[in-house]
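Have a look at the structure below, then the notes.
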Amino acid sequence: QVQLVESGGGLVQAGGSLRLSCTASGLPFRTYFMGWFRQVSGKEREFVAALTTTGSLTDYAESVKGRFTISRDNAESTVFLQLNSLKPEDTAVYYCASTRNWTGRLNALNYAYWGQGTQVTVSS
C-alpha cells in the first residue's frame with residue numbers, strides 16, 4: 001500500500017519559515033518525480049514545486065520562486081519543501097504527490113499518489 005505522509009505545517013508569522021517533509025512508503029520512491037501542491041478551501045489545487053528523480057532539476061510556481069526550495073533524500077524516501085519569507089497568501093493545505101510524468105508536472109491530474117496534506121497558516 002502506497003502512503004505519502006506530510007509533516008511540518010503550522011502557524012507562523014509573515015516573514016517566517018517552515019520546512020515541510022513528506023515520507024513515502026510502498027513505492028519505488030527514487031523512480032518517481034515528486035511535487036508539492038497547495039489548496040485553499042473552495043479553490044483548485046495549485047502547483048507549487050516539483051523535482052526530478054535525482055533532484056538535479058527543479059521547477060517552481062512564479063509566486064514562490066526565490067522563497068521556497070524543494071529537495072529530496074532518496075535514501076530516506078523523503079521530499080522536503082523549505083518555505084521562507086512566508087506571506088499570508090501562502091496560507092493553504094500543502095500536499096506532496098508523486099508522478100512519472102515530468103512534462104505534465106504542473107497538472108494535479110498527472111500525479112498518481114497523494115499525501116493527506118499539512119496545514120500552513122501565515123498570520124499578518
Following the transitive rule for hydrophobic clusters with a side-chain heavy-atom cut-off under 4.5 Å over Ile, Leu, Val, Met, Phe, Trp and Tyr, establish whether [X] and [Y] coincide in one cluster.
{"X": "F37", "Y": "L51", "answer": "no"}
{"X": "I70", "Y": "F47", "answer": "no"}
{"X": "F68", "Y": "V12", "answer": "yes"}
{"X": "Y60", "Y": "W36", "answer": "yes"}
{"X": "L83", "Y": "F80", "answer": "no"}

Taking all atoms of both residues into account, what is the closest heavy-atom pair of [X] and [Y], and its distance?
{"X": "F33", "Y": "N101", "answer": "CD1-N, 3.9 Å"}
{"X": "S98", "Y": "L27", "answer": "OG-CD1, 3.8 Å"}
{"X": "G26", "Y": "V2", "answer": "O-CG2, 3.4 Å"}

Are the side chain of [X] and the backbone of [Y] linked by a donor-acceptor contact shorter than 3.5 Å?
{"X": "T52", "Y": "L57", "result": "yes"}
{"X": "N110", "Y": "G104", "result": "yes"}
{"X": "R72", "Y": "F29", "result": "yes"}
{"X": "T118", "Y": "G9", "result": "yes"}

**Item:** side-chain contact (heavy atoms from CB on, under 4.5 Å) between L20 and V79, intermediate numbers included
**Value:** CA-CA 8 Å; L20 307 184; V79 60; over 6 Å; no
If you round to the nearest 0.5 Å, how far is [atom2] of [Y] from [atom1] of [X]?
{"X": "L81", "Y": "E6", "atom1": "CG", "atom2": "CD", "answer": "11.0 Å"}
{"X": "S124", "Y": "K87", "atom1": "OG", "atom2": "NZ", "answer": "14.0 Å"}
{"X": "T99", "Y": "R105", "atom1": "OG1", "atom2": "CZ", "answer": "10.5 Å"}
{"X": "Y32", "Y": "N74", "atom1": "OH", "atom2": "CG", "answer": "13.5 Å"}
{"X": "Q82", "Y": "R19", "atom1": "CD", "atom2": "CZ", "answer": "6.5 Å"}
{"X": "M34", "Y": "T53", "atom1": "CE", "atom2": "OG1", "answer": "12.0 Å"}

Is any side-chain heavy atom of [Y] closer than 4.5 Å to one of [X]?
{"X": "T121", "Y": "Q119", "value": "yes"}
{"X": "Q13", "Y": "P88", "value": "no"}
{"X": "L18", "Y": "V120", "value": "yes"}

**R45 to Y95 six-membered ring, cation-pi geometry met (6.0 Å, 45°)** = yes
**Message:** Would R100 pass as a cation-pi partner of Y111, given that its NZ or CZ must be under 6.0 Å from the six-membered ring centre and within 45 degrees of the axis?
**Reply:** no
**Request:** Return yes if a side-chain donor-acceptor contact under 3.5 Å exists between S21 and T78, otherwise no.
**Result:** no
**Message:** For a quick check under 3.5 Å, do T91 and E89 share a side-chain donor-acceptor pair by atom type?
**Reply:** no
**Asked** Does OH in Y113 sit with more than 12 non-hydrogen atoms of other residues, nucleotides or ligands closer than 6.0 Å?
**Response** no
**Item:** Stepwise side-chain contact (heavy atoms from CB on, under 4.5 Å) check, S63 with E46
**Value:** CA-CA 11 Å; S63 59; E46 174 190 29; 4.2 Å; yes
